[in-house]
Amino acid sequence: MTPDELSGALSAALAAAVADGTLALPADAIPASVHVERPRQREHGDWATNIALQLAKKAGVAPRTLAEDLAKRLVVTPGVKAVDVAGPGFLNITLDAAAAGSLARTIVEAGAAYGRNDSEAGLKINLEFVSANPTGPIHIGGVRWAAVGDSLARILTASGAEVAREYYFNDHGTQIDRFARSLLAAAKGRPAPEDGYGGAYIAEIAEAVIADALADGDADPRDLPDAEAQETFRARGVTRMFAEIKQSLHDFGVDFDVYFHEDSLHESGAVEHAVARLQAGGHMFEKDGALWLRTTDFGDDKDRVVVKSDGDAAYIAGDIAYYLDKRERGFDDVIIMLGADHHGYVGRMMAVCAAFGDTPGKNLQILIGQMVNLVKEGQPVRMSKRAGTVLTIDDLVGAVGVDAARYSLARYSADSNIDLDLDLLASAKNENPVFYVQYAHSRTVQVAAKAAERGVRREDGFDPALLDQESEAVLLGRLTEFPRIVAQAAELREPHRVARYLEALAGDFHSWYNQNLRVAPYPDEEVTDQHRTRLWLNDAVRTVLVNGLGLLGVSAPERM
RNA sequence: GCGCCCGUAGCUCAGUGGAUAGAGCGUCUGCCUCCGGAGCAGAAGGUCGUAGGUUCGAGUCCUAUCGGGCGCACCA
């Protein structure tokens, strides 16, 4: 019996109570689906609902009285073993072992589909994340969004959405000029420019650019006049950096559907197109020789310059055009993940969204994630791209591997700052909970292998009523929750919920395993339905662990 | 000054109004002749920053306040 079926039974009980006059409520006061949840306390049964507490006041009856009535109606439902009224008016529901245990087979038969849901069904979602400037390797902050964003894309897809992963490649402005001047300076052995970048990677990129140029039969850029040389370093340096970033992300298990170049917006006329639309809407005005967007009409705290008085497009012009471009490509929801250092954009971009006649918070959703701090021996370590003291995506993967890196970045709420301890990274990687979850998975594989060796075959029998141990009820309850967890992670855009769920599931599984309830019989024992049914349960756990780890982009090894 | 995020066990963090607030790490005590001990069982450890408020019920919602992080450009 699934929570949805239980919820349906509760709705029916309510409807019946209204029909025979026991419950004096208008039909529209009855919720379409009654919320049931897993109680924290095992003594409170398999499922609990507070529906009587919610409706009692409206109906003018005591909560416990209503609860007693509902309990009587519900307890006759097939699969329901007991319904108790507790506390101020909770309904605590206990299922038959058979009704609960049947889930094991359902999950195994659903396989990869178990956990999929329709909470985002039919939506075309554009998810933009990372979008780090091509002026250096991706550092730890960007890696966090790579892990979280890619996982979110997987979760949204599992929830029925059509998702495009997109990377906005910022190759237009003065940051790129600085980058080019820095490369030139490094190539010529001159000190880094005042406002430039000084990391060791700059010298490496400069060398690579020179090698690329020579390989193409071009002149050594060091022999060119500065202006020409700088252009060579800009063009080749950006291309080079772009390729490196793409490769690093690929090695991290993250591949984008679209790498969108800011330059293309300016070259294609997309910026003019977007500005023209805003002008037509009456949202633009001229002042001090510049062209402004009146974002204050839509809640921003000040108006924004779109075209500067020198005729150049301001940065926001690209963002405006980019947003419109995404919408015109047919995306319903445009989601952008940004670090907390960019949260100043939210107000103006929401205003832009509204100026186009869209709905902020729906057509445009901006997710702000907090920063990652590096800590060494308890002291914060400042990371600076210009000083070259950065922890890059490749450093992180090299130190702990893709699985541990992705998992440990995705298991935290994006709202919380992460303190990453460099010593811990290097020394104690076994502390990562990812191994706890992966170990549970490999255990299910080994258990199944041993069972097969002893002649236990799922198709020879399944009797869910035999899953009557307490640890089995706990495990089944946990397995039931998975689709809801995925749906919730999708709706709230919070992938960490999947990770936390998997840790709990792994814990329940390890605990069950240690009861020594035997999936594989001892060598001198007969194979019974007990073994076969437990194998179904074991394999159901494996299915959910595989599906869940997959949503995080983490592997599920068969042995460790 | 204004805005956003955070404050929960010694540490790192879960907990989108429910019952006795959880996990990992660390500390202490037990558990390997049989499906892998990267595991399990148990103990210790909390005025959920503080003060008010809403509610049958608040870690969760509201207000104020303290502490920390990050922002408030004709930069990108």
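Here is how names work: the chains are called A, B, and so on, in the same order as the sequence lines, proteins then strands, and each is numbered from 1.
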Think [X] has a side-chain N or O under 4.0 angstrom from the OP1 or OP2 of [N]?
| X | N | answer |
| --- | --- | --- |
| A:Arg497 | B:G15 | yes |
| A:Ser408 | B:U12 | no |
| A:Tyr315 | B:C74 | no |
| A:His496 | B:G15 | yes |
| A:Arg411 | B:A23 | no |
| A:Arg443 | B:G37 | yes |
| A:Lys450 | B:G36 | no |
| A:Ser511 | B:A41 | yes |

Legend entry - Pair A:Gln488, A:Tyr501: side-chain N/O donor-acceptor within cut-off below 3.5 Å: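 No, A:Tyr501 and A:Gln488 have no side-chain donor paired with an acceptor closer than 3.5 Å.
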
Legend entry - Between A:Glu503 and A:Tyr407, a side-chain donor and acceptor under 3.5 Å: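 Note: A:Glu503 and A:Tyr407 side chains meet the donor-acceptor criterion.
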
Choosing from [options], which nucleotide comes nearest the side chain of [X]?
| X | options | result |
| --- | --- | --- |
| A:Asn50 | B:U16, B:G18, B:C35 | B:G18 |
| A:Ala340 | B:G36, B:U16, B:C70 | B:C70 |
| A:Asp415 | B:A38, B:C6, B:C74 | B:C6 |
| A:Ala86 | B:C75, B:C74, B:A19 | B:A19 |
| A:Asp288 | B:C35, B:G15, B:C74 | B:C74 |
| A:Arg40 | B:C35, B:C74, B:G15 | B:G15 |
| A:Arg518 | B:C74, B:A19, B:C35 | B:C35 |
| A:Asn516 | B:C70, B:C75, B:C35 | B:C35 |
| A:Tyr439 | B:C35, B:G39, B:C74 | B:G39 |
| A:Leu53 | B:G18, B:A14, B:C40 | B:G18 |

For [N] versus [M], give the span between their [atom1] atoms, rounded off to a whole number of Å.
| N | M | atom1 | answer |
| --- | --- | --- | --- |
| B:G46 | B:U33 | C1' | 44 Å |
| B:A9 | B:G3 | C1' | 33 Å |
| B:G18 | B:G36 | C1' | 41 Å |
| B:G17 | B:G26 | C1' | 34 Å |
| B:G45 | B:U29 | C1' | 16 Å |
| B:U12 | B:G49 | P | 15 Å |
| B:U60 | B:A51 | P | 13 Å |
| B:A14 | B:C6 | C1' | 14 Å |

Legend entry - Rounded distance in Å - CZ (A:Arg304) to P (B:A73):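 One finds 7 Å between P of B:A73 and CZ of A:Arg304, rounded.
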
Legend entry - Salt-bridge present (A:Glu525, A:Arg454; N to O < 4.0 Å):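 A:Arg454 and A:Glu525: not salt-bridged.
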
Inset, instruction - Considering only NZ, NE, NH1 and NH2 on the basic side and carboxylate oxygens on the acidic side, decide whether A:Arg234 and A:Glu231 come within less than 4.0 Å. - result: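 Salt bridge present between A:Arg234 and A:Glu231.
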
Using only modelled atom types and a 3.5 angstrom limit, is any donor from either the side chain of [X] or the base of [N] paired with an acceptor on the other?
| X | N | value |
| --- | --- | --- |
| A:Ser309 | B:C74 | yes |
| A:Gln488 | B:U16 | yes |
| A:Asn514 | B:A41 | no |

Have a look at [X] and say if it touches a base, only the backbone sugar-phosphate, or nothing, with a 4.0 Å heavy-atom cut-off.
| X | answer |
| --- | --- |
| A:Arg348 | base |
| A:Ala290 | base |
| A:Glu503 | nothing |
| A:Ala48 | base |
| A:Tyr436 | sugar-phosphate |
| A:Gln54 | nothing |

Please state whether the rings of [X] and [Y] are parallel, tilted or perpendicular, taking 30° and 60° as the class boundaries.
| X | Y | value |
| --- | --- | --- |
| A:His283 | A:Phe298 | perpendicular |
| A:Phe179 | A:Tyr197 | perpendicular |
| A:His261 | A:Phe169 | perpendicular |

Inset, instruction - For the pair A:His441 and A:Thr444, evaluate side-chain hydrogen bond (donor to acceptor under 3.5 Å, both in side chains) and give the outcome as yes or no after the intermediate values. - result: CA-CA 5 Å; A:His441 170 264; A:Thr444 62; 4.7 Å; no

Inset, instruction - Please indicate yes or no: is the ring centre of A:His44 less than 5.5 Å from the centre of the six-membered base ring of B:A19, with the two planes inclined by under 30 degrees? - result: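 Here the ring of A:His44 and the base of B:A19 are stacked, with centres under 5.5 Å and planes under 30°.
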
Inset, instruction - Treat a base pair as Watson-Crick or G-U wobble with both distances under 3.5 Å, then lay out RNA chain B in dot-bracket form, 5' to 3', with | for cross-strand pairs. - result: (((((((..((((....[...)))).(((((.......))))).....(((((..]....))))))))))))....

Legend entry - Chi class for B:C6: syn within 90° of 0, otherwise anti: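 In terms of base orientation relative to the sugar, B:C6 is anti.
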
Legend entry - Main-chain N/O of A:Val148 paired to A:Ser151 side chain as donor or acceptor, under 3.5 Å: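 Side chain of A:Ser151 to backbone of A:Val148, a donor-acceptor pair under 3.5 Å: no, none is there.
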
Inset, instruction - Output, in order, the C-alpha distance, side-chain angles, deciding distance and verdict of side-chain hydrogen bond (donor to acceptor under 3.5 Å, both in side chains) for A:Gln438 and A:Asp403. - result: CA-CA 10 Å; A:Gln438 287 183 319; A:Asp403 284 345; 3.0 Å; yes

